[in-house]
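Remarks on the structure that follows.
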Amino acid sequence: MTMTGNVTVTRIASHRGGTLEFGDSTWAGFNATAAMAVEEVEFDLHPTADGRIIVHHDATLDRTTDTHGAIAEMMADDVRAAIVDHAGAGFCHPLFAEELCAIFADSPVTFRCEIKPDHKGLPYPGFVPKAVAALEQGGKLSTTTFSSFLLDTLADLADATDRPALWLVSPSILSQVGTRGVIEIARLRGIAEISVNIDTASAKLKEMAEDAGLAFGCWAAHARPQIEKALDLGVKVFTTDRPTLALAIRRARQETRA
Ligand code: FE
């Protein structure tokens with residue numbers, strides 16, 4: 001959470017630039033987010049075969065564009081030519097990392113950068129230092145928090161940068177390993193923050209995490225009840241595909257309190 005005056009505010013992260021409002025990882029969504037009162041913009045990075053870095057959720061272009069193929073096996077020009085399938089106006093191709101940095105150059109919205117695995121679920125070899133370098137070159141590293149579902153990727157991040165990185169804990173990991181197991185792994189791995197799917201979050205889980213010294217956040221709070229739940233729990237931060245709705249709900253609560 002963020003302290004503003006003496007009020008603690010749950011941070012909102014516009015997920016992939018606000019997928020349900022602007023399409024998935026679109027130019028329109030990131031531009032809109034840069035001008036919003038959200039605290040963070042969440043996005044995912046993938047390498048191309050010729051060493052560029054693309055901002056896209058999936059490891060392939062199959063689901064979200066008119067083009068098929070794994071980004072890491074394609075040349076940047078070919079990825080760039082894909083048309084992102086969304087209803088919004090404006091530039092409609094996948095963005096390079098440096099373009100995302102440029103969009104947010106003058107925005108107070110900070111980066112929440114997720115390092116994704118390849119289309120087989122494995123970390124891209126040697127990718128983390130390149131992603132870190134790209135954000136540094138774009139002038140945004142100093143305000144970036146990283147995230148990943150993969151413990152090996154979090155280890156790579158710890159080697160590559162001093163910037164904070166949080167562990168995205170999937171529902172299956174949480175149920176299989178258990179809350180105590182997740183906390184123990186975080187302790188052993190030097191992880192300072194965890195984030196769980198909003199539907200698996202609870203006051204008890206948050207309390208156990210915070211008692212263990214972990215910051216606690218949620219992801220995928222897209223519907224109004226999920227956003228309300230995240231705000232009721234008072235989590236540090238949550239990601240949402242509906243940043244405009246989340247802001248309206250948070251603002252209404254702040255006005256009621258005032
Ligand atoms: Fe993500």
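Excluded from the calculations below are hydrogen atoms, water molecules and symmetry mates; all remaining heavy atoms, backbone and side chain alike, are included. These figures come from a predicted structure and were not determined experimentally.
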Fill in: salt_bridge(Glu255, Arg253) N-O dist < 4.0 Å
no
Glu228 bridged to Arg224 by N-O distance under 4.0 Å = yes
Quick check: does any side chain N or O of [X] sit under 3.5 Å from a backbone N or O of [Y], one acting as donor and the other as acceptor?
X: His56; Y: Pro94; value: no
X: Thr161; Y: Leu157; value: no
X: Thr65; Y: Val84; value: no
X: Arg189; Y: Ala155; value: no
X: Gln226; Y: Ala223; value: yes
X: Arg163; Y: Thr145; value: no
X: Glu21; Y: Asp241; value: no
X: Thr240; Y: Ser14; value: no
X: Lys229; Y: Ile198; value: yes
X: His93; Y: Arg80; value: yes

Gap separating the [atom1] atom of [X] from the [atom2] atom of [Y], nearest 0.5 angstrom:
X: Leu151; Y: Ile191; atom1: CG; atom2: CD1; result: 5.0 Å
X: Ile249; Y: Arg242; atom1: CD1; atom2: CZ; result: 8.0 Å
X: Leu122; Y: Asp152; atom1: CG; atom2: CG; result: 10.0 Å
X: Ser147; Y: Phe43; atom1: OG; atom2: CZ; result: 9.0 Å

For atom [atom1] of [X], is the number of surrounding heavy atoms from other residues, nucleotides or ligands below 6.0 Å larger than 12?
X: Asp211; atom1: CG; answer: yes
X: Gln137; atom1: CD; answer: no
X: Asp159; atom1: CG; answer: yes
X: Glu136; atom1: CD; answer: no

For residues 63-78, the salt bridge (charged side-chain N to carboxylate O under 4.0 Å, His left out) pairs (sequence neighbours left out) are Asp24-Arg63, Asp58-Arg63
So, for [X] and [Y], which heavy atoms are closest and what is the spacing to 0.1 Å?
X: Tyr124; Y: Pro117; result: OH-O, 3.6 Å
X: Asp50; Y: Thr48; result: OD1-OG1, 2.7 Å
X: Ala230; Y: Phe238; result: CB-CD2, 3.6 Å
X: Val38; Y: Pro243; result: CG1-CB, 4.0 Å

Original post:
Distance only, no hydrogens: is a donor on one side chain within 3.5 Å (strictly under) of an acceptor on the other, for Thr110 and Thr143?
Top reply: no
Quiz item: If we ignore angles and hydrogens, is there a donor and acceptor under 3.5 Å between the side chains of His57 and Thr64?
Solution: no
Sub-4.5 Å side-chain heavy-atom contact between Ile115 and Phe127:
yes
Q.
What I'd like to find out is whether the side chain of Phe146 reaches to under 4.5 Å of the side chain of Leu154, using heavy atoms alone.
A. no
Tell me if the centroids of the rings in Trp219 and Phe149 come within less than 6.0 Å of each other.
yes
The salt bridge (charged side-chain N to carboxylate O under 4.0 Å, His left out) partner of Arg11 among Glu193, Glu39, Glu42, Glu40 is Glu40
